[in-house]
2 protein chains.
Amino acid sequence: MIESTLVSVDVIVLRFDPDARAVLVGVASRAQEPFAGELALPGVLLARGERLRDATTRAVTGKLGLAEESVTATGQLTTFDEPSRDPRGPTLSIALWATVTRPTGDLAVWRRLDDVPALAFDHDRIVADCRPLLADKLWRDVPFTAGLLGPEFTTAQALDVTESLTGERPYPANLGRTMDRVPGLERTSQHASALPKGGRPPLVWRFSAGVAPA
Amino acid sequence: MIESTLVSVDVIVLRFDPDARAVLVGVASRAQEPFAGELALPGVLLARGERLRDATTRAVTGKLGLAEESVTATGQLTTFDEPSRDPRGPTLSIALWATVTRPTGDLAVWRRLDDVPALAFDHDRIVADCRPLLADKLWRDVPFTAGLLGPEFTTAQALDVTESLTGERPYPANLGRTMDRVPGLERTSQHASALPKGGRPPLVWRFSAGVAPA
DNA sequence: TAAATAGTGTCTCTGAGACACTATACA
DNA sequence: TGTATAGTGTCTCAGAGACACTATTTA
């Protein structure tokens with residue numbers, strides 16, 4: 001019988017912060033060696049028979065201190081198999097994404113996706129390699145998009161999220177046409193509450209019931 | 001210490017057969033229980049510290065009986081985590097692709113990608129879920145494309161491969177423009193040898209040295 | 001010359017990008 | 001009325017798709 005590899009699950013936890021007008025990544029200070037005290041992506045060892053989705057939730061709740069209900073969507077990215085990535089020995093790392101709602105009283109350090117600090121293990125590489133994959137999901141992967149933006153949002157917020165993920169801010173008219181083609185997303189005629197600094201109140205976009213997160 | 005999950009690697013082995021004018025998948029009859037005698041994708045358990053690339057080669061050589069040199073390119077697809085997928089107990093399955101050259105004296109059963117027979121485990125599902133991912137790689141993932149078609153090929157062969165993977169046969173002129181934009185692929189002015197049934201001899205496309213498989 | 005195959009020129013349609021212009025709020 | 005924000009109409013350009021037409025071989 002072959003001795004099997006350990007499998008860890010490392011999660012890129014994303015959240016849109018309307019005040020910061022940016023997508024944030026949740027990382028946490030490591031409690032134990034190796035890399036104690038350094039920032040790292042939340043990760044756990046996959047238990048025998050455990051689903052990836054469950055391990056993702058376990059990492060987000062256990063390492064970032066978020067409530068289970070705040071996880072709005074999850075999914076796979078890629079697998080990293082460099083044997084020396086963990087000094088304790090060879091482990092496979094399955095990279096996953098999770099979108100979460102604004103947390104209350106969590107342990108996480110939230111940093112802008114375009115300004116992620118140095119992380120432990122090979123987590124810098126995981127973030128770098130997975131960023132294009134995440135950017136590609138926006139407006140194409142409906143659960144990802146709905147999980148990130150929530151059931152209702154304005155065009156300006158959609159612009160902010162797009163800029164955070166792709167690095168480029170599209171023209172509003174063009175983004176509007178992109179959104180018109182997203183299944184389950186509809187342009188409402190409802191106006192959002194007025195802005196603090198004046199200006200025309202924005203219209204609201206809404207994901208229909210089957211698609212929107214709880 | 002958490003008891004860790006077993007990780008298996010299941011490979012979708014692809015090869016272009018110019019005579020059949022189609023992309024073929026290599027499967028093999030299982031030698032042992034469970035599912036002894038049934039066809040299955042070549043797969044192995046990932047050893048501790050083993051790279052995915054090495055496990056892929058091991059599966060292709062061990063289960064299909066191909067030479068190591070016939071593997072021209074490999075890559076990741078997705079991970080399947082359904083706990084009941086293997087009756088022996090919960091295992092994670094990492095699906096990978098490999099492209100190979102025409103084998104000599106192998107154990108494999110080669111079937112057209114559009115006519116894959118019923119397979120053991122959840123391999124039907126793996127093939128079904130991964131087909132769109134494979135189709136998406138053609139002309140976009142250069143190692144995949146070069147591995148499948150080899151260093152030199154004709155437009156007609158490119159049409160056959162495209163039809164096998166996507167289900168639709170493009171117009172030659174349009175496919176030519178797609179290929180013009182593939183980095184490392186060049187349209188030569190060299191004619192292939194004349195055809196058995198008459199007709200204009202086709203031009204040859206060539207992958208440049210750094211890109212083409214050995 | 002007919003049949004079979006290969007290759008090209010070009011029209012159309014769609015979607016991304018760019019930008020000027022219009023609309024609606026607060027001070 | 002000025003400033004700040006939001007939203008729209010439309011031009012342009014690139015790429016996908018479609019197709020008619022031309023080219024080169026064998027029988």
Side-chain angles (χ1 to χ4, degrees), chain A residues 16 18-22 132 135-142 145 149 152-163 165-183 185-206, chain B residues 16 18-22 132 135-142 145 149 152-163 165-183 185-206:
Chain A
F16 172 61
D19 300 321
R21 305 190 62 150
D136 194 60
K137 287 185 183 298
L138 187 64
W139 310 121
R140 265 192 270 275
D141 182 327
V142 175
T145 307
L149 278 155
E152 286 191 359
F153 56 91
T154 66
T155 303
Q157 293 173 337
L159 287 167
D160 292 338
V161 166
T162 305
E163 187 175 12
L165 285 174
T166 68
E168 301 222 331
R169 192 173 187 85
Y171 290 85
N174 300 340
L175 182 58
R177 279 178 308 209
T178 299
M179 292 196 284
D180 281 333
R181 281 192 302 269
V182 174
L185 179 58
E186 56 189 22
R187 195 193 283 265
T188 72
S189 55
Q190 174 190 338
H191 287 268
S193 58
L195 302 159
K197 284 184 287 184
R200 178 175 172 175
L203 289 175
V204 170
W205 293 78
R206 181 157 33 222
Chain B
F16 172 61
D19 300 321
R21 305 190 62 150
D136 193 60
K137 288 187 183 297
L138 187 64
W139 311 121
R140 265 190 269 275
D141 182 324
V142 175
T145 307
L149 278 155
E152 287 191 357
F153 55 91
T154 67
T155 304
Q157 293 174 337
L159 288 167
D160 291 337
V161 167
T162 306
E163 186 174 13
L165 284 174
T166 68
E168 302 221 331
R169 191 174 188 86
Y171 289 86
N174 300 340
L175 181 58
R177 280 178 307 209
T178 299
M179 292 196 284
D180 281 333
R181 282 192 302 269
V182 174
L185 180 57
E186 57 189 22
R187 194 194 285 264
T188 72
S189 56
Q190 173 190 339
H191 288 268
S193 58
L195 302 159
K197 282 185 287 184
R200 177 173 173 175
L203 289 174
V204 171
W205 293 79
R206 182 158 33 224

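Throughout, protein chains are lettered first and strands after them, A, B, ... in sequence-line order, and every chain is numbered starting at 1.
- Nearest nucleotide to the side chain of A:Thr178, out of C:dT8, C:dA16, C:dA6: C:dA16.
- With B:Thr145 contributing its side chain and B:Trp139 its backbone, the two residues share a donor-acceptor pair below 3.5 Å.
- Nearest approach of B:Met179 to B:Phe153, heavy atoms of both residues: SD-CE1, 3.9 Å.
- Of all heavy-atom pairs spanning A:Val204 and A:His191, the tightest one is CG2-C, 4.2 Å.
- Applying the side-chain contact (heavy atoms from CB on, under 4.5 Å) test between B:Trp205 and each of B:Leu149, B:Thr154, B:Val182, B:Thr155 identifies B:Thr155 as the sole match.
- The two atoms that bring A:Arg206 and A:Thr188 nearest to each other are NH2-CG2, 3.3 Å, heavy atoms only.
- Here D:dT8 presents its P atom at 13 Å from CG of A:Leu159, a figure rounded to the nearest Å.
- Among the nucleotides D:dA18, D:dT8, C:dG17, the one closest to the side chain of B:Ala173 is D:dA18.
- Contact annotation for B:Thr155: backbone-only contact, meaning every heavy-atom pair under 4.0 Å involves sugar-phosphate atoms and none involves a base.
- Straight-line distance from the CD atom of B:Gln190 to the P atom of C:dG7: 12 Å, rounded to whole Å.
- Atoms CH2 (A:Trp139) and P (C:dG17) sit 14 Å apart, rounded to a whole Å.
- Rounded to whole angstrom, the span from the CG atom of B:Leu175 across to the P atom of C:dG7 amounts to 11 Å.
- Here D:dG7 presents its P atom at 12 Å from CZ of A:Phe153, a figure rounded to the nearest Å.
- Side-chain atoms of A:Arg187 stay outside donor-acceptor range of the base of D:dT8, with no qualifying N/O pair under 3.5 Å.
- Rounded to a whole Å, the CZ atom of B:Arg169 is 16 Å from the C1' atom of D:dG17.
- Mapped onto DNA chain C by nearest heavy atom, B:Arg21 and B:Arg177 fall at different nucleotides, with B:Arg21 at the one closer to the 5' end.
- Phosphate proximity of C:dC19 to A:Tyr171: present, with a side-chain N or O under 4.0 Å from OP1 or OP2.
- Straight-line distance from the CG atom of A:Asn174 to the C1' atom of D:dG7: 12 Å, rounded to whole Å.
- When heavy atoms are screened at a 4.0 angstrom cut-off, A:Arg181 is found touching the sugar-phosphate backbone but no base atom.
- Taking only distance into account, the side chain of B:Arg200 never meets the base of C:dT8 through a donor-acceptor pair shorter than 3.5 Å.
- Distance B:His191 NE2 to D:dT24 P: 8 Å, rounded to the nearest Å.
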